[in-house]
Protein chains: 2
Amino acid sequence: MRRYAYWPAEANYKTMDKLELKGILKSHFSSLENESLNAFVKHSSYLKSTKGTKLISEGRRHHYFYLIIEGGVKSYYSRDSRDVCMWFAFENEAIGTMTTYEGLPSKETVELLEDSELIKFNIEKIKELTRTDLSISHLINDLIIEHTLCIEERLYQLQFTTSEERYKSIIQTTPEILQKVSLTDIASYLGVSRETLSRIRSK
Amino acid sequence: MRRYAYWPAEANYKTMDKLELKGILKSHFSSLENESLNAFVKHSSYLKSTKGTKLISEGRRHHYFYLIIEGGVKSYYSRDSRDVCMWFAFENEAIGTMTTYEGLPSKETVELLEDSELIKFNIEKIKELTRTDLSISHLINDLIIEHTLCIEERLYQLQFTTSEERYKSIIQTTPEILQKVSLTDIASYLGVSRETLSRIRSK
DNA sequence: GAATCTATTTGACATTTGTCACAAAGCAAT
DNA sequence: ATTGCTTTGTGACAAATGTCAAATAGATTC
């Protein structure tokens with residue numbers, strides 16, 4: 001297991017009290033009124049975990065979605081021992097899978113790309129809040145819409161752009177992916193084999 | 001223009017009063033309380049339109065989403081005079097584009113596959129309702145989630161299944177597509193050329 | 001029915017990409 | 001440095017698919 005300088009495994013790293021947590025959530029979910037924020041924080045907790053940890057496993061029901069404070073994750077589908085990455089996410093992004101949110105067995109696996117700090121949110125509890133709290137309902141709605149627009153953009157790119165264009169697009173828009181994700185995973189994300197990506201890169 | 005038996009162009013077809021409209025919406029949006037339903041109906045209107053009509057045009061802002069009462073639509077992206085279909089929808093399905101809902105220029109075009117009857121909903125007005133009405137907020141949320149799950153399934157299929165498997169899957173799950181959509185459009189939906197689809201079919 | 005248009009199919013060929021095998025490079029542990 | 005492990009790159013070949021051109025089928029109009 002590789003360790004990263006900014007987070008030595010030996011250190012007994014901070015936990016986070018509800019007050020700190022509230023501060024962080026306030027800055028990310030600025031649409032929430034103070035009262036809604038308090039309710040939200042009740043069902044949130046801080047979490048640190050090591051590279052390779054699966055936040056969500058394919059085929060199983062889970063109860064959380066997450067906000068990445070520090071670190072990164074990949075999401076992928078598996079079939080016949082072949083993995084295809086669907087998305088990557090890093091600092092300040094809220095993540096989860098739609099099937100998990102719907103209470104269904106997840107179709108994707110979500111795994112830490114590196115040792116990470118996260119905040120996790122209990123889906124059932126947050127959903128309960130959305131039944132009575134309009135601002136929380138809207139917040140969730142916004143997160144889902146943002147996610148949907150990303151997926152749609154990905155579909156568009158897969159249909160209309162060559163793998164070379166897609167590779168260039170990654171370099172320009174999210175170069176951090178190249179530093180944090182293996183080329184094997186990037187290839188699957190782009191929809192080509194490892195070898196083809198390698199040939200694209202050697203130009 | 002082809003005409004369909006069940007809807008002669010010559011007939012002066014019914015319009016629909018608010019009461020009828022409410023009845024239809026009640027059966028589709030059964031989660032809505034009576035009061036919410038009344039508010040919803042205020043911003044709904046009945047519409048009939050002919051094959052080829054574009055409900056939503058790529059690159060433009062629009063103000064409605066729709067429920068299909070009778071008929072069908074296709075959604076497609078265009079680039080370099082090549083069209084790629086993203087989804088098809090028929091009776092009893094609620095449709096629209098995510099970008100339109102967000103007030104952005106639409107990335108897709110949505111076009112009638114045949115003469116159709118629809119109910120259209122004013123997005124801005126309905127959005128206003130979601131600010132104060134929880135059940136409407138949840139209804140919209142559910143529609144978006146359903147849409148998202150469809151898109152994700154499509155992405156999954158594009159990555160993991162062969163075009164032949166995808167064709168068979170259409171036959172089994174939504175055979176009505178084959179009757180109502182041209183093979184050219186189906187080919188683009190499956191992610192292959194017309195000619196390739198033709199060869200798949202000749203087996 | 002003949003003419004016209006569009007949609008679909010078929011053939012020949014070129015191109016792209018995947019697959020397999022193996023080489024090279026990078027990294028970690030001894 | 002040496003060894004072992006994982007990741008990435010390269011070559012040769014096969015398979016799948018796209019492209020172009022032409023033929024056929026189906027539908028529409030006169």
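Lettering of chains follows the sequences in order, A, B, ..., and the numbering in each one begins at 1.
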### Task
To the nearest Å, give me how far apart CG (Leu178(B)) and P (dA7(C)) are.
17 Å
### Message
Could you tell me how far apart Glu195(A) (CD) and dA23(C) (C1') are, to the nearest whole angstrom?
### Response
13 Å
### Query
For Glu164(A) and dT16(C), what is the distance between atoms CD and P respectively, to the nearest whole Å?
11 Å
### Task
Using modelled atom types only, decide if a donor and an acceptor are shared between the side chain of Ser106(B) and the backbone of Glu108(B) within a distance under 3.5 Å.
yes
#### Entry: Gap between atoms CG and P, on Leu183(A) and dG26(C) respectively (whole Å)
13 Å
### Query
How long is the line joining CZ of Arg201(A) and P of dA25(C), in whole Å?
15 Å
### Query
How close or far is atom P of dT16(C) from atom NZ of Lys203(A), stated in whole angstroms?
9 Å
### Query
Between Arg60(B) (side chain) and Pro105(B) (backbone), is there a donor-acceptor pair under 3.5 Å?
no
### Task
Could you check whether Ser163(B) gets within reach of a base, just the sugar-phosphate, or nothing at all, counting any heavy atom under 4.0 Å?
sugar-phosphate
### Message
Any carboxylate oxygen within less than 4.0 angstrom of a Lys/Arg side-chain nitrogen, looking at Lys51(B) and Glu111(B)?
### Response
no
### Query
How long is the line joining CG of Leu197(A) and P of dT10(D), in whole Å?
12 Å
### Query
Can you find a donor-acceptor N/O pair under 3.5 angstrom joining the side chain of Arg199(A) to the base of dG18(C)?
no
### Query
With respect to the phosphate group of dG18(D), does any side-chain polar atom (N or O) of Thr196(B) fall under 4.0 Å of OP1 or OP2?
yes
### Query
Would you call Glu91(A) and Lys180(A) a salt bridge, taking side-chain N to carboxylate O under 4.0 Å as the test?
yes
### Task
Tell me whether the OP1 or OP2 atom of dT8(C) has a side-chain N or O from Thr184(B) closer than 4.0 Å.
yes
### Query
When we call it a touch if two heavy atoms are under 4.0 Å apart, what does Ser182(A) touch: a base, just sugar-phosphate, or nothing?
sugar-phosphate
### Task
Nearest whole angstrom, please: distance from the C1' of dA7(C) to the CG of Leu113(B).
15 Å
